[in-house]
Participant: 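One structure is given below, represented as structure tokens, and several questions about it will come after.
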Amino acid sequence: MVAINFLHVNAGNGEISYANNSLAQKKIILKARAFLEEAIRDRFVSAGFPSCVKLAELGCSSGTNALLAISEIIDTIHEMSQRINCESPEFQVFLNDLPETDFNNIFKSLPAFYEGLMKEKGGKLGNCFVTGMPGSFYGRIFPTRSLDFVHSSASVHWLSQVPAGLKNNKGHIYMANTCRPDVLKAYTKQFQRDFTMFLGLRSEEIKPGGRMVITITGRSIEDPSSKDCCDLWELLAKSLLDMLADGLVEEADVDSFNLPMYNPFEGEVKALIEEEGSFNLDKLETFEASWDPYDDSDKPRSGQNVANCIRSATEPMLATHFGDAIIPDLFARYANRVADHLSMEKGHHFLVVFSLTKK
């Protein structure tokens with residue numbers, strides 16, 4: 001089962017679309033904004049600007065978040081150019097995600113995006129050209145040495161495929177503290193292969209001295225079954241098991257479903273970057289973000305907020321495996337389980353953000 005066949009978010013602008021349920025991802029981008037701006041300044045302050053700055057957003061998804069970090073990058077470069085009385089460069093922007101992504105949703109927003117850029121900058125901004133680049137970032141996407149700056153947020157934790165050898169992961173859909181050691185090892189090995197491949201591919205596409213800033217959903221401790229990366233998904237697994245007990249899903253379907261993702265510890269990230277060898281690690285930081293981006297005091301509503309967010313990102317994957325019919329019931333149960341969990345403790349995502357320079 002290869003992730004590329006079904007790993008995309010809910011399209012459109014409906015109630016359960018990713019576009020309307022991605023505030024958590026937006027807040028992650030905004031929390032990493034100062035880190036991103038510092039990396040941009042470090043990249044261009046001494047090297048200067050090319051006539052056209054070529055930028056890539058990897059795992060852009062759909063909705064307004066697709067252009068959020070790109071806007072920050074363009075704003076920072078424009079501000080730098082104005083400060084030194086230099087003409088603003090042009091910008092060529094590549095938005096990348098899997099082919100099933102709702103690129104049309106993004107393209108429809110481009111006229112307003114262009115108009116906003118020109119209005120804010122008073123006509124002093126260089127021309128900006130945005131294009132979609134569908135394809136897996138676990139393959140080559142861009143020409144050799146063509147990119148100046150690459151950004152990705154909350155995407156690189158998704159794997160190229162479900163790890164092999166998960167037949168013994170019954171009752172779970174991801175890693176958990178009761179998983180067998182071979183399950184944890186399979187996930188770890190798949191991430192090591194994928195992240196090493198990701199770095200090698202980007203090293204071919206980024207110019208020497210070019211930068212890459214990645215924010216990845218990780219974990220706070222070395223144990224791969226730590227609660228800050230696994231609790232959220234274990235609640236979804238329990239919701240599926242509830243439906244199994246009620247005869248609404250097949251046991252074989254539950255036992256054969258596993259998520260193609262991995263939340264790394266910061267030490268893993270550092271070690272793999274050093275081992276792959278194509279980039280210098282300039283800086284690495286960690287921060288937390290709430291499961292519920294609205295941080296409501298009303299716990300049942302918080303459960304619904306989290307359920308809508310997770311549903312918007314995983315419904316196509318779940319529907320491909322279990323069928324569309326179970327989805328509303330599954331996420332109603334999941335919302336209740338999340339609400340119960342949040343009534344006892346606050347849930348947090350743990351993020352690792354790092355800046356790399358191509359050697």
Side-chain angles (χ1 to χ4, degrees), residues 25-26 29-30 32-97 101 103-135 137 140-153 155 202-215 282 353 355-358:
Q25 291 85 346
K26 178 179 181 179
I29 293 172
L30 293 177
R33 178 165 52 187
F35 190 101
L36 176 62
E37 290 175 354
E38 181 181 342
I40 296 164
R41 291 190 174 94
D42 286 348
R43 167 67 180 96
F44 294 109
V45 70
S46 58
F49 304 111
S51 59
C52 180
V53 178
K54 296 184 179 181
L55 312 170
E57 178 72 30
L58 304 183
C60 64
S61 293
S62 61
T64 57
N65 289 351
L67 293 163
L68 181 58
I70 292 297
S71 295
E72 295 291 339
I73 296 170
I74 291 173
D75 286 348
T76 302
I77 292 175
H78 176 72
E79 176 190 315
M80 290 175 65
S81 67
Q82 293 300 294
R83 190 175 300 161
I84 60 175
N85 294 317
C86 176
E87 184 177 349
S88 173
E90 294 185 314
F91 299 92
Q92 187 170 15
V93 177
F94 302 100
L95 301 178
N96 159 258
D97 214 320
T101 299
F103 283 100
N104 283 337
N105 182 285
I106 304 172
F107 296 154
K108 289 174 183 176
S109 71
L110 287 180
F113 173 73
Y114 291 140
E115 183 180 354
L117 284 179
M118 300 312 292
K119 187 178 294 184
E120 291 171 12
K121 306 302 182 292
K124 296 181 179 180
L125 185 71
N127 291 320
C128 180
F129 307 93
V130 179
T131 187
M133 294 292 286
F137 52 52
R140 280 292 299 270
I141 317 168
F142 306 104
T144 301
R145 296 189 174 188
S146 61
L147 299 176
D148 296 292
F149 202 96
V150 172
H151 178 263
S152 182
S153 181
S155 294
R202 301 294 81 78
S203 74
E204 296 180 46
E205 298 166 345
I206 297 174
K207 299 175 183 178
R211 289 292 180 101
M212 182 159 61
V213 172
I214 305 292
T215 304
D282 305 310
V353 55
S355 173
L356 306 174
T357 297
K358 172 66 170 62

Participant: Walk me through it: do Val353 and Ile214 pass the test side chain to side chain contact (heavy atoms under 4.5 Å, CB included)?
Facilitator: CA-CA 6 Å; Val353 55; Ile214 305 292; over 6 Å; no
Participant: Considering only heavy atoms from C-beta outward, does the side chain of Asp75 approach that of Glu37 to under 4.5 Å?
Facilitator: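 Not in contact.
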Participant: Do other residues, nucleotides or ligands put more than 12 heavy atoms under 6.0 Å from the NZ atom of Lys26?
Facilitator: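 Check fails, neighbour count at 12 or below.
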Participant: So does Asp282 pair up with Arg211, basic N to acidic O under 4.0 Å?
Facilitator: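 Arg211 and Asp282: salt-bridged.
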Participant: Report yes if the side chains of Thr215 and Ile29 come closer than 4.5 Å at any heavy-atom pair, otherwise no.
Facilitator: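 No; the side chains remain at least 4.5 Å from each other.
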Participant: Could you check Phe91 against Asn127 for side chain to side chain contact (heavy atoms under 4.5 Å, CB included), going step by step and ending with a plain yes or no?
Facilitator: CA-CA 6 Å; Phe91 299 92; Asn127 291 320; over 6 Å; no
Participant: Does the side chain of His78 reach to within under 4.5 Å of the side chain of Lys124, using non-hydrogen atoms?
Facilitator: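 Yes, close enough: below the 4.5 Å cut-off.
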Participant: Between Thr76 and Leu36, does a side chain to side chain contact (heavy atoms under 4.5 Å, CB included) hold up when you go through it step by step?
Facilitator: CA-CA 9 Å; Thr76 302; Leu36 176 62; over 6 Å; no
Participant: Does any pair with a residue in residues 36-75 pass ring-ring contact (aromatic ring centres under 6.0 Å, His included), and if so which ones, sequence neighbours excluded?
Facilitator: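 ring-ring contact (aromatic ring centres under 6.0 Å, His included) check on residues 36-75 returns Phe44-Phe49.
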Participant: I'd like to know if the side chain of Asp148 reaches the main chain of Lys54, judged simply by a donor and an acceptor atom lying under 3.5 Å from each other, with no hydrogens or angles considered.
Facilitator: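 A pair under 3.5 Å: yes.
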Participant: Main chain of Thr144, side chain of Ser146: is a donor-acceptor contact present, judged purely on distance under 3.5 Å?
Facilitator: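 No, because the side chain of Ser146 does not come within donor-acceptor range (under 3.5 Å) of the backbone of Thr144.
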Participant: Met212 vs Lys358, test: side chain to side chain contact (heavy atoms under 4.5 Å, CB included). Steps then yes/no.
Facilitator: CA-CA 8 Å; Met212 182 159 61; Lys358 172 66 170 62; over 6 Å; no
Participant: Kindly compute the distance separating CG (Leu68) from CD (Glu57), expressed to the nearest 0.5 Å.
Facilitator: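 One finds 8.5 Å between CG of Leu68 and CD of Glu57.
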Participant: Applying salt bridge (Lys or Arg N to Asp or Glu O under 4.0 Å), can you list everything that pairs with Glu205, at least two apart in sequence or on another chain?
Facilitator: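 Salt bridge (Lys or Arg N to Asp or Glu O under 4.0 Å) list for Glu205, sorted by chain: Arg140, Arg202.
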Participant: Taking only residues two or more places apart in sequence or in another chain, which ones pass salt bridge (Lys or Arg N to Asp or Glu O under 4.0 Å) with Glu38?
Facilitator: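 Residues passing salt bridge (Lys or Arg N to Asp or Glu O under 4.0 Å) with Glu38: Lys283.
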